[in-house]
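Below: one structure, written as structure tokens.
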Amino acid sequence: RWVYNRLIAGYRALGRYSRALDVFQDMKERGVTPDASTFCVVMDVLNKEGRFVEAVQMFRELQAAEGPMDVVTFSTAMYAFSKMGDKLGIQQAYQDMLKRGITPSLGCMNVLINAYSKAGNYAGAVRVFQSMRAKGPSPDFRTFSIMVDMRSKQGLAEEAEALFEEMEAKGMLQDSLVWGAMVQMYGRMGDVRRAKLWFRRMCQSGREPTVPVCNSLLFAMLKEGGMHSECHRLLDWMKGRGHAPS
RNA sequence: CAUUAUGCAU
């Protein structure tokens, strides 16, 4: 089993997803019993392949058969549910995990918040975030990044700014990429001044604005109008830094 | 003790 687990995880790490699934199939045919981590890796491979329905199906079979499951199993399943936009599935998976006496880790709570956010259950995400602040596990830079991203997608600028400031105060910015979310938010809102401000801040932090971040700023400048020379300057800047415009 | 989940696309 250990050898099979290593093989499947190894192919996953190499991005050879179909090979990983073949090995899993072979494992079952040879009568080697998968454990919790085997299923976690296989479900993750299905997620990486975009086969969320199959990932969820495997999860449901594990639930029904009382198969080996751990905190990662439920996290991986919640991720799959979120990609299908299944809010109820996320919630039920989380509740079932608690019912089975599994304690959610910080990582698991991050998956849960992100899943709610991506599925459009914003109130649910905020609820979980607040409960983490009150009762733990204490939110980390990823938790905050998820929340900043969500607020920026909602166009709630004050909330996003407040969260950014809190990250700054807590020293959570060093591993983070949240500037991009701020540029994109103001870009989408057509607020050129603030989009440019955050773009500059992103550069000053040493972070490289990605193509979509540059595009957001371009979008705002085009919407504003009369900024063609600035748009071209940004385009040239992108090319100069090796960012091929999409 | 080893393998596995979580933030970023106009």
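If you're wondering where the values come from, they're calculated on a predicted model, not measured in any experiment.
- For A/Asp191, the side chain to side chain contact (heavy atoms under 4.5 Å, CB included) partners at least two apart in sequence or on another chain are A/Tyr186, A/Arg193, A/Arg194.
- Distance A/Asp140 CG to B/rA5 P: 16 Å, rounded to the nearest Å.
- Taking the side chain of A/Arg188 as heavy atoms from C-beta on, and the options B/rC8, B/rU10, B/rA2, the nearest nucleotide is B/rU10.
- Counting atom types as modelled, A/Thr76 pairs no side-chain N or O with a base atom of B/rA5 as donor and acceptor under 3.5 Å.
- Here the side chain of A/Arg1 pairs no donor or acceptor atom with the backbone of A/Met27 at under 3.5 angstrom.
- Nucleic acid contact class of A/Gly180 (heavy atoms, under 4.0 Å, all strands): none.
- Applying the ring-ring contact (aromatic ring centres under 6.0 Å, His included) rule to pairs touching residues 106-149 of chain A yields A/Phe129-A/Phe144, sequence neighbours excluded.
- The side chain of A/Arg207 places no N or O atom within less than 4.0 Å of a non-bridging phosphate oxygen (OP1 or OP2) of B/rC8.
- Using a 4.0 Å heavy-atom cutoff across all strands shown, A/Thr73 reaches no nucleic acid atom at all.
- On a pure distance criterion of 3.5 Å, a polar donor-acceptor pair joins the side chain of A/Ser37 and the base of B/rU3.
- When heavy atoms are screened at a 4.0 angstrom cut-off, A/Lys118 is found touching the sugar-phosphate backbone but no base atom.
- At a threshold of 4.0 angstrom between heavy atoms, the contacts of A/Cys214 with the nucleic acid are absent.
- Within the 4.0 angstrom heavy-atom criterion, only backbone atoms of the sugar-phosphate kind lie near A/Ile146; the bases stay farther away.
- The pair A/Glu66-A/Arg100 meets the salt-bridge criterion, since a charged nitrogen lies less than 4.0 angstrom from a carboxylate oxygen.
- Using a 4.0 Å heavy-atom cutoff across all strands shown, A/Phe141 reaches at least one base atom of the nucleic acid.
- Counting non-hydrogen atoms under 4.0 angstrom, A/Thr143 reaches nothing in the nucleic acid.
- Of all nucleotides listed (B/rA2, B/rU6, B/rU10), B/rA2 comes nearest to the side chain of A/Trp2.
- The side chain of A/Cys108 lies closest to B/rA5, out of B/rA5, B/rC8, B/rG7.
- Looking only at distances, a side-chain donor or acceptor of A/Asn47 sits under 3.5 Å from a matching main-chain atom of A/Thr76.
- Residue A/Gln184 places its side chain closer to B/rA9 than to any other of B/rA5, B/rA9, B/rU3.
- Separating the CE atom of A/Met167 from the P atom of B/rC8 is a distance of 13 Å, rounded to the nearest angstrom.
- You won't find any donor-acceptor pair under 3.5 Å spanning the side chain of A/Asn114 and the base of B/rU6, going by distance alone.
- Separating the CG atom of A/Asn110 from the C1' atom of B/rU6 is a distance of 6 Å, rounded to the nearest angstrom.
- Checked against the 6.0 Å centroid threshold, A/Trp179 and A/Phe164 count as a close aromatic pair.
- For A/Asp44, taking side-chain heavy atoms from C-beta onward, the closest of the listed nucleotides B/rG7, B/rA5, B/rU3 is B/rA5.
- Nucleic acid contact class of A/Asp149 (heavy atoms, under 4.0 Å, all strands): sugar-phosphate only.
- Closest to the A/Ser145 side chain, of the nucleotides B/rA5, B/rG7, B/rA2, is B/rG7.
- One interatomic measurement links the two molecules: CZ of A/Arg142 to C1' of B/rA5, which rounds to 10 Å at whole-angstrom precision.
- At whole-Å resolution of the value, CG in A/Asp35 and C1' in B/rA2 are 11 Å apart.
- Distance, A/Lys223 NZ to B/rU10 C1': 13 Å, rounded to whole Å.
- Look at CD1 on A/Ile113: it is 13 Å from P on B/rG7, rounded to the nearest Å.
- Residue A/Tyr186 contributes atom OH, which lies 18 Å from atom P of B/rU10 at whole-angstrom precision.
- Using a 4.0 Å heavy-atom criterion, one finds that A/Val72 contacts the bases of the nucleic acid, with or without backbone contacts as well.
- Ion pairing of A/Lys196 with A/Glu230 is present here, as a side-chain N (NZ or NE/NH1/NH2) and a carboxylate O approach within less than 4.0 Å.
- Which of B/rA9, B/rU3, B/rA5 sits closest to the side chain of A/Ser105 comes down to B/rA5.
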